[in-house]
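Data block below; observations after.
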Amino acid sequence: MIDYQNRTTSRGTASEPLAAELSGVVKRFTSAKGEVFTAVNGLDLKVRRGEVVAFLGPNGAGKTTSIDMLLGLTRPDEGEVRLFGQDPERAVRAGRVAAVLQSGGLLPDLTVEATVHMLGSLHPGADPERCMARANITELRNRRVASCSGGEQQRLRFALALLSRPDLLVLDEPTAGMDVVARRDFWAAVRDDAARGMTVMFATHYMEEADRFADRVVMIDKGAVVADGSVSAIRSATSGRTVSALLSPYEAGLVSRTPGVRSSAVRGDRTHFTCTDSDALLKVLVRETSAREIEVAPRSLEEAFMALTENGHPAPAKENP
């Protein structure tokens, strides 16, 4: 596992309490049939102040359960969760932690403005107008929450999360329902706040968001961390490259049987091959097929994600802090 223990940030040093720490956390649930299953299995995670961390994993990996424990919404059966050296409930009550979750928390009959101002009254020194502007919802102020789209409601939740001026912002699928422009504006606002020292931890299914906005990527599977490091370190943890080309389905079938080719997939007009030996594959494409517009690229974060969470768990290389 990649070691971050000695890394410092603009707001945190090795001597200061971590923004978040989960140590040996286990959470079990019992089904309606009385069957016990483990959602989080010995999770260890440390997040330093000022980091922007992407928290990734397939459906059922334990992401949402981990976030619920991080926010004090549920308690672990084993292990410990600490935020800024405190119990999560205490840190949340102090306004040091805020969250943008996938659903809930809004009153449908209130207007956007009334919602932000009402909750802002609970936080001394809050600036509701600034928070609406940061979330790009000022023009929605007179709209009833029930009339807002899913993406607009997510932007409203973002404004509410900013009211307490939190030190840690936790985002669970924050851009779900947003269009491309709204997603871009949302992440611009988040990065701006992160540049001022806010710690951000976000779960997302959009791999490009993790690739573009995270300082660090943590992948979990079956309730445990399987990879932890920078995007480049995660990519390098799974050997191989992707080779793509324009060629006929018949030739693609022949090429896919080349030694070292792990998988092939057709995306649009191009066939993409994941391989361990790109040189050998290139020779086959050039010498034995009529392939055109051949491209070679490092494995993407999404491909590394698939390999680490579905096709086994190769150990990532160490990265010096």
Side-chain angles (χ1 to χ4, degrees), residues 1-5 17-48 51-92 96-105 168-174 176 199-207 209-210 214-229 234 237 301 304-316:
M1 192 58 59
I2 299 168
D3 183 7
Y4 276 80
Q5 298 309 306
L18 296 163
E21 182 173 14
L22 295 86
S23 304
V25 171
V26 175
K27 185 63 181 180
R28 304 181 185 91
F29 294 98
T30 302
S31 69
K33 297 181 179 179
E35 299 171 338
V36 177
F37 66 96
T38 303
V40 178
N41 189 16
L43 184 66
D44 291 307
L45 178 62
K46 296 179 179 180
V47 179
R48 293 201 177 279
E51 285 189 304
V52 178
V53 180
F55 194 48
L56 309 179
N59 290 333
K63 299 190 304 298
T64 298
T65 301
S66 299
I67 288 173
D68 286 347
M69 289 188 288
L70 195 68
L71 296 174
L73 300 176
T74 186
R75 290 182 176 273
D77 296 317
E78 299 176 22
E80 185 179 39
V81 179
R82 306 288 286 177
L83 300 179
F84 303 102
Q86 304 175 332
D87 291 332
E89 295 90 340
R90 184 176 178 184
V92 171
R96 303 195 68 184
V97 183
V100 178
L101 304 180
Q102 297 182 53
S103 61
L168 171 63
L169 182 61
V170 179
L171 310 170
D172 189 9
E173 302 294 343
T199 305
V200 179
M201 183 174 177
F202 67 94
T204 181
H205 281 104
Y206 296 112
M207 290 295 149
E209 291 186 342
D215 302 322
R216 175 182 167 198
V217 172
V218 176
M219 291 186 183
I220 70 168
D221 193 22
K222 299 177 182 178
V225 175
V226 296
D228 183 352
I234 297 296
L301 181 61
F305 171 83
M306 297 295 289
L308 288 165
T309 59
E310 291 187 2
N311 302 326
H313 303 150

From [atom1] ([X]) to [atom2] ([Y]), nearest 0.5 Å:
X	Y	atom1	atom2	value
H205	L56	NE2	CG	9.0 Å
L45	L70	CG	CG	8.0 Å
E51	L168	CD	CG	11.0 Å
L171	E173	CG	CD	10.5 Å
R75	D87	CZ	CG	6.5 Å

Can you name the residues that form a ring-ring contact (aromatic ring centres under 6.0 Å, His included) with F55, not counting sequence neighbours?
-> none

Partners passing ring-ring contact (aromatic ring centres under 6.0 Å, His included) against Y206 (at least two apart in sequence or in another chain) = none

Nearest heavy-atom pair of A203 and I67: which atoms, and what distance?
-> CB-CD1, 3.9 Å

Between V81 and P76, what is the shortest heavy-atom contact and its length?
-> CG2-CG, 4.3 Å

Single hit among N41, V40, V225 for side-chain contact (heavy atoms from CB on, under 4.5 Å) with I220 = V225

Sequence neighbours left out, what pairs pass side-chain hydrogen bond (donor to acceptor under 3.5 Å, both in side chains) with at least one residue falling in residues 62-74?
-> K27-T74

Contact between [X] and [Y] at the side-chain level, heavy atoms closer than 4.5 Å - yes or no?
X	Y	answer
T38	V26	yes
L83	R96	no
V47	L18	no

Mind checking side chain to side chain contact (heavy atoms under 4.5 Å, CB included) for [X] and listing every partner two or more places apart, or none if nothing turns up?
X	value
S31	K33, E35
A99	L71, L101, V170
V92	V97
A19	R49, F84, T199

Among all residues two or more places apart in sequence or in another chain, which pass the side-chain hydrogen bond (donor to acceptor under 3.5 Å, both in side chains) test with [X]?
X	answer
R90	none
D77	none
E80	none
Q86	none

L169 and F202: CA distance, side-chain angles, deciding distance, side chain to side chain contact (heavy atoms under 4.5 Å, CB included) verdict = CA-CA 8 Å; L169 182 61; F202 67 94; over 6 Å; no

Report the residues that fulfil salt bridge (Lys or Arg N to Asp or Glu O under 4.0 Å) with E209, sequence neighbours left out, ordered by chain and then residue number.
-> R183

Hey, does the side chain of D172 reach the backbone of Q102 with a donor-acceptor pair shorter than 3.5 angstrom?
-> no

